[in-house]
Amino acid sequence: MADLLTHAAVGLLLKRGQHAARQRTGAADRPLHLASFVAGNLLPDLLSRLPVAITSQLHSHGLKLPPVLLHGFGPLHVPAGMALASLALSLAFRREQRAAVFGNLFVGMLCHLALDLAQSHAGAGYLVAFPLSKTPWELGWIGTEATVPVAIPLLLLALWSWRGRLPRSSPPPESP
Amino acid sequence: MIPDRLRWPVLLLCLVGIGWLGVASTDFAENRDAGIRAALRDPVGYEGSEVLLMMWWVVSVEGPDHFTATRWNVETAVEGPSEGLEPGDVVSVSGTVHDGGAYVRATEVQHHRWRTAKEALGVVGLLGALVAFPLAFRRRDGWLEERF
């Protein structure tokens, strides 16, 4: 996995690109769903890697844990689990926003996976088609820590690109 | 999209689906017919088979061509270049397994020198997310809303 700051920066920059494209086509007033998209870029690691980091540390210190707590979070980092997690999270939003939130969360998560797939894990790769296929795959273009030196500059660039342009979502109409 | 009356059944189905994926993933990790776990289960059958020790911690360095690594409560000796390695470092080792998993003869040792920095960025990112999420979303009338 690339680091979280790089994932956040990539999410912000991709949405900035979409925002700029909409400004050119005169559709800048459409909701951008920046929050859901950037959250989607972060959630695969927060939902799968963070719990495993905690349980594996506990396990390495001798605490006996059921194997599902060590290996069971992995599918939240592959498309099948991402789709289910996005759908579950989108249900917390109003019906009229649900489809857009689901789409932005899910596509954000897929962007996260795409960046991770660029890394080389010595052939280990990711089970991108799990549970249909258990064959790991990755592009292997960059090392697993290649994003570390660029993470902070990239995030600063992403934040700078949004300066003074944050599109506030308009509140929904009041219910009668 | 999903109508409100189906919200809870769909949420339940999502959680069941995620749980099922987790169980399937655990079964795959524990019982796959490759890797160091399989070699430990069947030392004779897997003698000389290829393994990948992904992101293992160095426990000790015994010499220029020997070190010991651990992960998931499995510890194995590695016969391979150990120059620059210190206990606590993270390595990925490709090689072949021997003596029932007692040692791995490395064909490639990758030293993850930036691992600590990456983990530090992960912690910074986590703290940033904890701050950013409440700023990016709000609750109104029992529903979540995006602020941006």
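All values derive from a computational prediction rather than experimental measurement. Within every chain, numbering begins at 1; the chains are lettered A, B, ... in the order of the sequence lines, protein sequences first and strands thereafter.
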*Flag the pair A:R98 and B:D4 as a salt bridge only when some basic side-chain nitrogen lies within less than 4.0 angstrom of an acidic carboxylate oxygen.*
yes

*asked:* Salt bridge check, B:R115 against A:E145: does any charged N sit closer than 4.0 Å to a carboxylate O?
replied: yes

_Toward chain A, the part of B:E146 with a non-hydrogen atom under 4.5 Å_ = both

*Might you work through the side-chain contact (heavy atoms from CB on, under 4.5 Å) test for A:S36 and B:F137, ending with a clear yes or no?*
CA-CA 9 Å; A:S36 296; B:F137 298 95; 4.0 Å; yes

*Under a 4.5 Å heavy-atom cut-off, does chain B meet the side chain of A:L42, its backbone, both or neither?*
side chain

*CG of B:L21 to CZ of A:F73: how many Å apart, nearest 0.5 Å?*
13.0 Å

*Mind running side-chain contact (heavy atoms from CB on, under 4.5 Å) on B:R7 and A:R95 for me, showing each step along the way?*
CA-CA 9 Å; B:R7 203 160 70 105; A:R95 186 182 174 187; over 6 Å; no

_chain B interface, residue from A:A151, A:G81, A:A39 that has the most non-hydrogen pairs under 4.5 Å_ = A:A39

_Does B:E75, at its CD atom, have more than 12 non-hydrogen atoms belonging to other residues, nucleotides or ligands within less than 6.0 Å?_
yes

*Under 4.5 Å from any heavy atom of chain B - which part of A:A88*: both

*asked:* Check for me, please, whether A:V107 and A:L14 land in the same ILVMFWY cluster - side-chain distances under 4.5 Å, paths through other members count.
replied: yes

*Could you look at A:L46 and say if it's the side chain, the backbone, both or neither that has a heavy atom under 4.5 Å from chain B?*
side chain

*Between SG of B:C14 and CG of A:L87, what distance do you get to the nearest 0.5 Å?*
4.0 Å

*Which of residues 153-163 of chain A get closer than 4.5 angstrom to chain B, counting heavy atoms alone?*
none

_Closest contact, heavy atoms only, A:L4 versus B:G125_ = CD1-C, 3.8 Å

*Is B:V90 reachable from B:M54 through a run of I, L, V, M, F, W or Y residues, each pair having side-chain heavy atoms under 4.5 Å apart?*
yes

*How about B:W20 and A:P75: do any of their side-chain heavy atoms sit closer than 4.5 Å?*
no

*Let me know if A:S90 has heavy atoms under 4.5 Å from chain B in its side chain, its backbone, both or neither.*
side chain

_Under a 4.5 Å cutoff for heavy-atom pairs, which residue among A:A53, A:A99, A:G72, A:A35 has the most contacts with chain B?_
A:A35

*Quick one: which residues of residues 63-70 of chain A reach chain B at under 4.5 angstrom, heavy atoms only?*
A:P67, A:V68, A:L70

*Is there a donor-acceptor contact under 3.5 Å from the side chain of B:S25 to the main chain of A:H71?*
yes

_Which of B:F28, B:W8, B:F148, B:F133 touches chain A most, by non-hydrogen pairs under 4.5 Å_ = B:F148

*asked:* Does atom CD1 (B:I2) have a neighbourhood of more than 12 heavy atoms from anything else shown, all under 6.0 Å?
replied: yes

*With a 4.5 angstrom heavy-atom cut-off, could you sort out which part of B:L15 is near chain A: side chain, backbone, both or neither?*
neither

*Any idea which heavy atoms bring A:Q97 and B:L144 closest together, and the distance?*
OE1-O, 4.0 Å

*What part of A:F93 is in contact with chain B, defined as an atom under 4.5 angstrom from a non-hydrogen atom: side chain, backbone, both or neither?*
both

*Same hydrophobic cluster for A:F130 and A:V128, using side-chain heavy-atom links shorter than 4.5 Å among ILVMFWY?*
yes

*Considering all heavy atoms of both residues, which atom of A:L84 and which atom of B:G17 are nearest to each other, and what is their separation?*
CD1-C, 3.7 Å

*asked:* Looking at A:A146, is its backbone amide N or carbonyl O close enough to the side chain of B:K118 to form a donor-acceptor pair, meaning the two atoms are under 3.5 Å apart?
replied: no

*Are A:L13 and A:L110 co-members of a hydrophobic cluster defined by side-chain heavy atoms under 4.5 Å apart?*
no

*Take A:I152 and B:L121 through the test side-chain contact (heavy atoms from CB on, under 4.5 Å) and record every step on the way to the result.*
CA-CA 9 Å; A:I152 292 174; B:L121 286 180; 4.1 Å; yes

*Could you look at A:V38 and say if it's the side chain, the backbone, both or neither that has a heavy atom under 4.5 Å from chain B?*
neither

*Give the cluster check for B:V61 versus B:W56: same hydrophobic cluster or not, with ILVMFWY residues linked at side-chain heavy-atom distances below 4.5 Å.*
yes

*Where does A:L89 contact chain B at under 4.5 Å (heavy atoms): side chain, backbone, both or neither?*
neither

